[in-house]
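To start, the structure itself, in structure tokens.
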There are 2 protein chains.
Amino acid sequence: MDRREKADRRSRRSRRLIVDALLGLMLEQRFERITVQEIIDRADVGRSTFYAQFRNKEDVLESEFAWVLGLLHEQHLTGAQYPAAHLLPSLGLFRHVQEHRPLYAAQLRGLAVDSHTQGVHRALRDRAARELALAADTAELTVPLDVVAEYLAGALLSLIQWWLDHGMPHTPEQMEAIFQQLVMPGVRAVLPEQRR
Amino acid sequence: MDRREKADRRSRRSRRLIVDALLGLMLEQRFERITVQEIIDRADVGRSTFYAQFRNKEDVLESEFAWVLGLLHEQHLTGAQYPAAHLLPSLGLFRHVQEHRPLYAAQLRGLAVDSHTQGVHRALRDRAARELALAADTAELTVPLDVVAEYLAGALLSLIQWWLDHGMPHTPEQMEAIFQQLVMPGVRAVLPEQRR
DNA sequence: GTTGATGGTGAACATTCTGTTCGGTACAGA
DNA sequence: TCTGTACCGAACAGAATGTTCACCATCAAC
């Protein structure tokens with residue numbers, strides 16, 4: 001699964017070159033327009049090397065994303081190292097995006113396989129749904145629980161989108177403050193007064 | 001520009017067949033995987049007919065979207081036929097999406113050219129930014145104006161996404177109520193008390 | 001109805017991109 | 001030093017795109 005540690009030094013080098021080439025290209029043009037030929041030209045590897053390492057160009061991005069999302073899960077989405085009232089590990093997510101900025105920026109600019117963004121979206125939405133179910137009696141919600149979960153995930157991602165789009169002018173902590181001010185009041189409004 | 005009114009009856013027929021075929025296919029598989037051959041097979045038109053009417057398969061969707069977005073603009077985004085405090089014509093948008101459900105549903109399921117969703121997103125965001133600038137003194141905002149605009153557009157779209165995803169179980173009016181409860185409190189929280 | 005114009009048809013074609021194969025070379029790691 | 005593995009590059013088959021063309025169908029106007 002993770003070919004980062006083991007494997008031949010040459011393999012790692014090739015994979016790195018290819019991933020970097022693709023991320024670079026994605027800052028210039030949209031993903032679908034990029035051809036395998038362009039990738040291997042920029043990476044300066046042979047065609048057969050490319051296909052020895054990846055199934056296709058989608059696979060390049062997917063494997064990179066799988067790795068980064070794995071980190072996200074184990075570092076920020078497991079356990080409950082954040083205040084329960086927050087419902088989502090928003091601060092952790094802002095920090096995570098900042099840490100892996102090149103990948104996320106390329107993803108955004110290249111308008112790439114939307115399925116990745118959607119993967120994050122789903123993960124956040126489900127996480128929020130679970131937290132909400134714990135935080136409030138479902139029957140007491142004035143709005144369906146899964147709408148609230150969708151809203152939370154969507155609003156958080158739209159802040160992240162804005163942040164990336166504008167060259168990340170704020171710190172994760174400032175973004176977290178904005179998130180708390182802007183997004184959370186709506187959630188508290190539909191929860192019956194309870195758990196602060 | 002708009003080939004719906006003028007043009008030969010046969011042209012209109014062909015275009016309609018092709019658009020419907022594509023929308024149908026998009027309910028089954030993602031846009032990128034769909035080939036022109038599949039479209040013309042399902043539409044039952046000749047290959048050359050397809051290319052006589054459209055530049056490529058993106059063009060099919062684009063022309064349809066351009067038309068529907070044109071309607072959206074003239075019916076819901078111009079003037080200010082909605083309460084100024086709402087900042088966005090959310091109810092109008094919910095109604096509009098319901099009215100053109102097949103297109104929006106296909107767009108969503110097919111994970112199609114994200115640029116269309118982004119087009120709507122941009123339009124909403126800019127609209128919100130303009131309204132915000134009128135509704136509040138920029139200097140008095142505790143959060144940058146364009147973040148709020150982005151948030152509004154993103155949150156509204158995420159509600160629409162949920163709505164489409166779940167087969168539109170609510171009326172536009174119910175969705176509007178949810179939007180008001182869930183999304184607007186955050187906006188009021190960052191506006192200095194003013195204009196109710 | 002005849003007629004002239006416009007659109008539709010299917011087959012053929014060049015082109016582009018994809019993904020695979022293979023013999024030979026270079027390098028990593030033990 | 002030696003063995004396995006990755007890289008290389010060229011060649012290739014297959015798929016999909018978009019174009020062209022000669023022929024046929026349909027329109028609407030006379």
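Numbers restart at 1 for each chain; the letters A, B, ... are given by sequence-line order, proteins then strands.
Legend: residues meeting ring pair (Phe, Tyr, Trp, His ring centres under 6.0 Å) with A:Tyr151, ordered by chain and number and at least two apart, are absent. Among residues two or more places apart in sequence or in another chain, the side chain to side chain contact (heavy atoms under 4.5 Å, CB included) test is passed with B:Pro102 by none. With sequence neighbours excluded, the residues forming a side chain to side chain contact (heavy atoms under 4.5 Å, CB included) with A:Arg55 are A:Asp59, A:Glu62, listed by chain and number. Under the side chain to side chain contact (heavy atoms under 4.5 Å, CB included) criterion, A:Asp20 pairs with A:Arg16, sequence neighbours left out. For A:His121, the ring pair (Phe, Tyr, Trp, His ring centres under 6.0 Å) test picks out no residue, with sequence neighbours left out. The ring pair (Phe, Tyr, Trp, His ring centres under 6.0 Å) search around B:Phe94 returns B:Trp163, not counting sequence neighbours.
Atom CG of B:Leu17 is separated from atom P of C:dG7 by 17 Å (rounded to the nearest Å).
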Distances under 3.5 Å between nitrogen or oxygen atoms of protein and nucleotides 27-30 of chain C:
unit_1: C:dC27; atom_1: O2; unit_2: A:Arg10; atom_2: NH1; d: 3.3
unit_1: C:dG29; atom_1: OP2; unit_2: A:Arg9; atom_2: NH1; d: 3.3

Output a table of nitrogen or oxygen pairs between the protein and nucleotides 13-18 of chain C separated by less than 3.5 Å.
unit_1: C:dT18; atom_1: OP2; unit_2: A:Val36; atom_2: N; d: 3.2

N/O donor-acceptor pairs under 3.5 Å from side chains in residues 44-52 of chain A, not counting sequence neighbours:
unit_1: A:Arg47; atom_1: NH1; unit_2: A:Gln37; atom_2: OE1; d: 3.3

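Here salt bridge (Lys or Arg N to Asp or Glu O under 4.0 Å) pairs that include residues 87-98 of chain B, with residues two or more places apart or in two chains, are B:Arg95-B:Glu173.
Between the two ends of the helix from C:dG1-D:dC30 to C:dA30-D:dT1, each summarised by a five-pair axis, the helix axis turns through 40° (rounded to 10 degrees).
Taking 4.0 Å as the cutoff to heavy atoms of chain B, we find the contact window on DNA chain D bounded by D:dT17 to D:dA28.
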